[in-house]
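Take a look at the structure set out below.
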Amino acid sequence: MKQGIRQSMSWLHIWLGLIIGWILYFVYLTGTLGYLDKEIDYWMAPDRPYFADAGTPQHQAELAQRYLQQNAPEASRWNIQLIGGREAPSLNVSWTDAARAGGGPPVQHSQTLDPATGAPVDYSARASGGGQVLYKMHYQLAYIPYDQAILIIMVCTLVMFAAMVTGIIVHKNIFKDFFTFRPGKGQRSWLDGHNFLSVTALPFHLVITYSGFLFFTYQFMPSVPHLLYGEGRQAGLEFYQGTYGYPTPELPRAAGTAAPLGSLAAMLDIADATWGRGVLSSIEVRSPGDANARVVVSPQETVSIDFPENKLVFDGGSGKLLEDFRPVHHVPGTTDHVMKGLHKGLFANWFLRVLFIFMGVGGTAMIGTGLLLWANGRRTRLEAAGQPVHFGIWLVDRLNVGAIIGMPVAIAAYFWANRLLPVEMAARASWEVHAMYLTMAAMFAWPMVRPVGQVRVQMLWLCAAAYALLPVVNMFTTARGLNHSLPQGDWLMAGFDLAALGCGGVAAICAIKVSRSMAHATTRRRPKAAALAEPAAT
Amino acid sequence: MKPVVDAAYRWSVVSRIVAAALGGYLIVSLLHMAFIVVLPAELHQSLLFASQTGYLYWTGLIIWCFATRSATRAWVGLAVLAVPLIAIDAWYLLQRSVA
């Protein structure tokens, strides 16, 4: 390519990074928010009341059982989601009606219960995409058919991974970069920052990127499964079942003879004794009130790094533990589950989760600094040679502002829309997303039509305001603002508001720093320009 | 320092990009099938292993395509890999259709 391996790899690193930089920045940003998907869900559903005292799982199960026995004794299946861990902020029961003779799909019902009294709690929840729609954008993007979005993301993932490997080859001093930061030196500082962010969380970046492949590997390279299994839905199912296999315990059909259901709370005592306390999360009852009733207890996601497929199966009538279901996968299957588990981070406790978020933000910043380096380096070289800045750099400079600052602003707009759009609005959840992308479009357009240096500072201030004012908007539009959540001890709601304040603070600091360095640069450049002008005058 | 950016250089870059993208895709797909033949494991396990590691090989191929001296060498390297893989895959598919 060029002179040596390091030069050609450096060339490849720079160009691979540039072509996918903006989309990757978006992927890293929304993907990082995925580590907080349920917390964001919670903030975006302010209509659901806050239940201060959850009580023990046993007590919750007792209340749920009583409610279901009274309201759905004939159902073919009950599901009970207990409060606990990250899984659910409220005690929810749902049930499926027994199949009717007339046919048609079985009807599903659901109800939230007060965990203290067991009384049904009715509230009308606003339609919202929540954290789920937001984090899914990191592989589904938006406004693009699913299959095509996956292909785009897979190509980007490959380019990302290649950019990382070439980046590693380029670096001589992987270890030294840990401790190297020379601030206030322009391009040198940005490069140090880029290296520092990349190197300190390198295992995270490599694993996140590589495991990203594994989710869609056959959507991307379907030829071999197609050759071996044929095409079509049935062949696909056969292939996926054989390759990945998500086993579930075998449960008998309903016997048709009535038998009373034993105490769910007593079964949860056995579950606690088997798994340890604070592990179980949800209960499924098959054929309640039947002689063949089975109770399946599932653990919380934090219980293991791969998919928490472990279940405890109880005999519904006697409450006896029938099976401690722990599926075993073949080695590539386990590898697959562990890699995907690492990617999703569902297993992470709060400490690890915070670490994940920091590394995700670091990765986002790694991409951002990389993009800035591309434009800054070229501009400096051209300016030093006295050549005009060409269109490519002009464009990259503007796209950088629109992406690096504008995308966080757009995400803030998504949150604002959740609070400000009328609760009864039609297609409300879609308009939350529209608000986000309309804002993003505006943020990309803004630096195109105004001086980019000014816009950079103004957009940072806008970003600061967009996040810092979120708690205020929350306070005025709901009864869940910090004035309520803090005294109530509702740390999930308060945590989001406080984090938004923190993000606003960081953006404000950036705005101050950037405007200062711009002022500094203009005062420094003037004498130089004067010195250059002098010989020309003589 | 700066390399001469002429038409030949640009075409060489295009050629390398095509080699890394399409050539890489083809080689990794061929490898998927070859793994089934070579690995002493059950079909699904071999397939899953191949798909799990495929992007490592692809990354290696991308680096090869851009690190080697000329675009022609990049293509020759890919061809050298492709020939035995095609042979193994064709043999396997023939056997399957006979059986």
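Order of the sequence lines sets the chain letters (A, B, ...), proteins ahead of strands, with each chain counted from 1.
- Looking at A:Pro332 and B:Gln52, their side chains come closer than 4.5 Å, going by heavy atoms from C-beta outward.
- Closest of all the heavy-atom pairs between A:Ser8 and B:Ala67 is OG-CA, 3.9 Å.
- The part of A:Met9 that comes within reach of chain B is its side chain, from C-beta onward, which places non-hydrogen atoms under 4.5 angstrom from that chain.
- The distance from atom OG1 of A:Thr243 to atom CZ of B:Phe49, rounded to the nearest 0.5 Å, is 15.0 Å.
- Here the straight-line distance linking atom CG of B:Leu48 with atom CG of A:Asp336 works out to 5.0 Å at 0.5 Å rounding.
- Contact of A:Phe239 with chain B is made through backbone and side chain together, with heavy-atom distances under 4.5 Å.
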Side chain to side chain contact (heavy atoms under 4.5 Å, CB included) assessment of A:Leu12 paired with B:Ile62: CA-CA 9 Å; A:Leu12 191 57; B:Ile62 294 173; 4.2 Å; yes
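- With contacts defined as side-chain heavy-atom distances shorter than 4.5 Å, the pair B:Ile63/A:Ile169 qualifies.
- Ranked by heavy-atom pairs under 4.5 Å with chain A, the list B:Gln45, B:His32, B:Glu42 is led by B:Gln45.
- For the residue pair B:Arg96 and A:Leu227, the shortest heavy atom distance occurs at NH2-O, 4.5 Å.
- Looking only at heavy-atom pairs under 4.5 Å with chain B, the residue among A:Thr157, A:Leu228, A:Val155, A:Thr335 that has the most is A:Leu228.
- Counting heavy-atom neighbours within 6.0 Å of A:Trp394 CH2, excluding the residue itself, gives a total above 12.
- Between B:Trp58 atom CH2 and A:Phe161 atom CZ the span is 13.0 Å, to the nearest 0.5 Å.
- Scanning all heavy atoms of the two residues, the minimum distance from B:Val13 to A:Trp11 falls at CG1-CH2, 3.8 Å.
- Heavy-atom distances place the side chain of A:Met154, and not its backbone, under 4.5 Å from chain B.
- In this structure, CZ in B:Phe66 is found 7.0 Å from CG in A:Leu16, a value given to the nearest 0.5 Å.
- In this structure, chain B has heavy atoms under 4.5 Å from both the backbone and the side chain of A:Thr217.
- Separating the OG atom in B:Ser51 from the CZ atom in A:Phe220 is a distance of 13.0 Å, to the nearest 0.5 Å.
- Of the listed residues A:Leu158, A:Val331, A:Leu214, A:Thr166, the one with more heavy-atom pairs under 4.5 angstrom with chain B than any other is A:Leu158.
- Only the side chain of A:Tyr229 comes within less than 4.5 Å of a heavy atom in chain B; its backbone stays farther off.
- Heavy-atom distances place the side chain of B:Tyr92, and not its backbone, under 4.5 Å from chain A.
- Here the CG-CZ distance, from B:Leu56 to A:Phe213, works out to 8.5 Å after rounding to the nearest 0.5 Å.
- The aromatic rings of B:Tyr55 and A:Tyr210 sit perpendicular, their planes meeting at an angle over 60°, well past the 30° parallel limit.
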